[in-house]
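Just so we're clear, the structure is a prediction, and the values are computed from it rather than from any experiment.
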Amino acid sequence: MAEESPKNSAAEIPVTSNGQLEDSHEHNFNRDLKRSLPAGLGLSETKITSHGFDGTKEGVVEAGPFPGSSASPKSSVISPSNAAASRLAGQGCDLIIPTGGRTQQKSGPVVLADEVKNPAMEKLELVRKWSLNTYKCTRQIISEKLGRGSRTVDLELEAQIDILRDNKKKYENILKLAQTLSTQLFQMVHTQRQLGDAFADLSLKSLELHEEFGYNADTQKLLAKNGETLLGAINFFIASVNTLVNKTIEDTLLTVKQYESARIEYDAYRTDLEELNLGPRDANTLPKIEQSQQLFQVHKEKYDKMRNDVSIKLKFLEENKVKVLHNQLVLFHNAIAAYFAGNQKQLEQTLKQFHIKLKTPGADAPSWLEEQ
């Protein structure tokens with residue numbers, strides 16, 4: 001007798017008498033689904049859609065005609081539960097919950113705009129810093145004059161600066177005297193030219209003294225011509241020395257003033273730092289000490305830079321000064337010597353040596369006929 005093997009009820013497929021599959025299982029599934037749906041919805045009117053996290057309608061059950069159904073769609077929508085909404089919000093996704101009013105709520109990263117700076121506050125801050133710096137520097141200057149404060153001194157550099165200032169005063173005096181000589185020489189040349197014209201006029205009118213007036217007229221005209229040549233050399237000397245004194249040396253002294261201002265600021269902040277270091281160290285003073293140390297370092301770098309700039313400019317100024325004054329002093333000596341020796345050729349050769357071009361005598365002055 002053959003044993004019947006056990007059969008799983010889930011594997012049994014019921015068949016009707018005419019050979020078709022029994023539809024009791026499908027009928028039971030549809031019945032259970034209808035019970036799980038809200039009232040007013042039929043099976044043919046429901047469609048379940050599922051999207052991933054990248055979609056815009058996660059977990060939304062829409063009502064509409066089932067494929068193959070002729071029923072009209074209905075507008076009922078099942079919203080997701082609060083737990084699902086909070087779980088999606090925690091993942092940083094945007095959640096759209098359609099309601100009767102079709103409003104949408106989106107959540108995303110919040111961007112904080114930068115705080116707009118107020119120009120007035122910036123100006124006030126600049127004024128505050130300037131006032132504080134001016135106060136510190138003024139206090140340092142007063143302390144130095146009263147002999148209470150200490151100052152940083154570079155002995156070698158200070159000596160060079162003092163020599164430069166003293167030389168500038170002496171060069172200004174030479175320049176002033178040379179300008180006076182030029183003015184007087186110009187007046188003398190102008191007088192000699194007029195005197196020569198007067199002698200020439202009398203030479204034509206006085207027949208008995210024709211030769212004597214003629215000699216004096218030629219002599220005065222020759223002296224006037226040589227005087228104009230000397231005047232050109234002296235004016236060239238004045239222009240070169242004026243450039244050296246009022247431009248080159250003045251530019252170096254301007255850098256010296258900036259160096260001295262940087263030195264005062266450096267000493268002022270150095271004094272503040274020393275006073276803070278001598279005081280107690282606690283939670284209130286440590287930030288002040290650190291800030292003072294930073295300001296001291298900034299002004300120290302500025303002071304070192306300005307000191308280096310002054311040293312370089314003094315070096316170049318000394319080289320330029322020697323070269324310029326050497327040529328100008330040689331020119332001045334040779335021109336004066338040739339003029340008073342009456343050596344007209346040597347005087348003209350001196351001007352050619354230094355490439356000095358003279359204006360045409362009497363070009364700017366009115367003629368003899370215009371003066372009458």
Any ion pair linking [Y] and [X] (charged N to carboxylate O, less than 4.0 Å)?
| X | Y | value |
| --- | --- | --- |
| Lys247 | Glu250 | no |
| Lys321 | Glu318 | yes |
| Glu260 | Arg165 | yes |

Salt bridge (Lys or Arg N to Asp or Glu O under 4.0 Å) partners of [range], not counting sequence neighbours, each pair once:
| range | value |
| --- | --- |
| residues 209-221 | none |
| residues 271-287 | Lys136-Asp272, Arg139-Asp272, Arg270-Glu274 |
| residues 289-300 | Lys300-Asp304 |

Considering residues, nucleotides and ligands other than Tyr171, do more than 12 of their heavy atoms fall under 6.0 Å from its OH?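 Atom OH in Tyr171 is crowded, with more than 12 foreign heavy atoms closer than 6.0 Å.
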Gln291 atom CD: more than 12 heavy-atom contacts under 6.0 Å: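 Count not over threshold, so no.
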Heavy-atom pair of closest approach, residues [X] and [Y]:
| X | Y | answer |
| --- | --- | --- |
| Ala217 | Gly196 | CB-O, 3.5 Å |
| Leu276 | Ser292 | CD1-CB, 3.6 Å |
| Gln140 | Ser150 | NE2-O, 3.0 Å |
| Ala233 | Ala335 | CB-CB, 3.8 Å |
| Phe236 | Leu331 | CD2-CD2, 3.4 Å |

Do the non-hydrogen side-chain atoms of [X] and [Y] ever get within less than 4.5 Å of each other?
| X | Y | answer |
| --- | --- | --- |
| Leu155 | Val153 | yes |
| Asn246 | Leu175 | yes |
| Tyr269 | Asn133 | yes |
| Gln160 | Leu157 | yes |
| Asp267 | Glu144 | yes |
| Arg128 | Glu125 | yes |
| Ser182 | Ile238 | yes |
| Lys302 | Glu265 | yes |

For Tyr303, enumerate each residue passing the ring-ring contact (aromatic ring centres under 6.0 Å, His included) test, keeping only those at least two apart in sequence or located in another chain.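 ring-ring contact (aromatic ring centres under 6.0 Å, His included) list for Tyr303, sorted by chain: Tyr259, Tyr266.
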Would you please name every residue forming a ring-ring contact (aromatic ring centres under 6.0 Å, His included) with Phe237, sequence neighbours left out?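 Phe237: ring-ring contact (aromatic ring centres under 6.0 Å, His included) contacts with Phe332.
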Going hydrophobic residue to hydrophobic residue with side-chain gaps under 4.5 angstrom, can you get from [X] over to [Y]?
| X | Y | value |
| --- | --- | --- |
| Ile161 | Leu244 | yes |
| Met188 | Leu181 | yes |
| Ile234 | Phe186 | yes |
| Phe296 | Val298 | no |
| Leu254 | Ile163 | no |

Looking at [X] and [Y], would you say the former's side chain and the latter's main chain have a donor-acceptor pair under 3.5 Å?
| X | Y | result |
| --- | --- | --- |
| Ser203 | His210 | yes |
| Asn235 | Leu231 | yes |
| Asn277 | Leu273 | yes |

Atom [atom1] of [X] and atom [atom2] of [Y]: how far apart are they, to the nearest 0.5 Å?
| X | Y | atom1 | atom2 | answer |
| --- | --- | --- | --- | --- |
| Leu146 | Ile142 | CG | CD1 | 7.0 Å |
| Leu164 | Leu253 | CG | CG | 4.5 Å |
| Asn320 | Thr248 | CG | OG1 | 5.5 Å |
| His333 | Thr350 | NE2 | OG1 | 10.0 Å |
| Ser143 | Arg148 | OG | CZ | 7.5 Å |
| Leu202 | Leu209 | CG | CG | 9.0 Å |

Please walk me through it: do Val189 and Arg193 pass side-chain contact (heavy atoms from CB on, under 4.5 Å)? CA-CA 6 Å; Val189 169; Arg193 187 183 301 111; 3.7 Å; yes
Residue of the set Leu329, Val330, Val324 for which side-chain contact (heavy atoms from CB on, under 4.5 Å) holds with His326: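 Checked Leu329, Val330, Val324 against His326; only one passes side-chain contact (heavy atoms from CB on, under 4.5 Å): Val330.
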With Glu348, which of Lys352, Gln344, Gln346, Lys345 fulfils side-chain hydrogen bond (donor to acceptor under 3.5 Å, both in side chains)?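 Running side-chain hydrogen bond (donor to acceptor under 3.5 Å, both in side chains) over Lys352, Gln344, Gln346, Lys345 with Glu348 returns exactly one hit, Gln344.
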May I have the list of side-chain donor-acceptor pairs in residues 308-315 shorter than 3.5 Å, sequence neighbours left out?
unit_1, atom_1, unit_2, atom_2, d
Asp309, OD2, Lys305, NZ, 3.2
Ser311, OG, Arg307, O, 3.0
Lys313, NZ, Asp251, OD2, 3.0
Lys313, NZ, Thr255, OG1, 2.9

Given Lys205 and Phe213, is the side-chain contact (heavy atoms from CB on, under 4.5 Å) satisfied, shown in steps? CA-CA 10 Å; Lys205 294 181 180 180; Phe213 280 124; over 6 Å; no
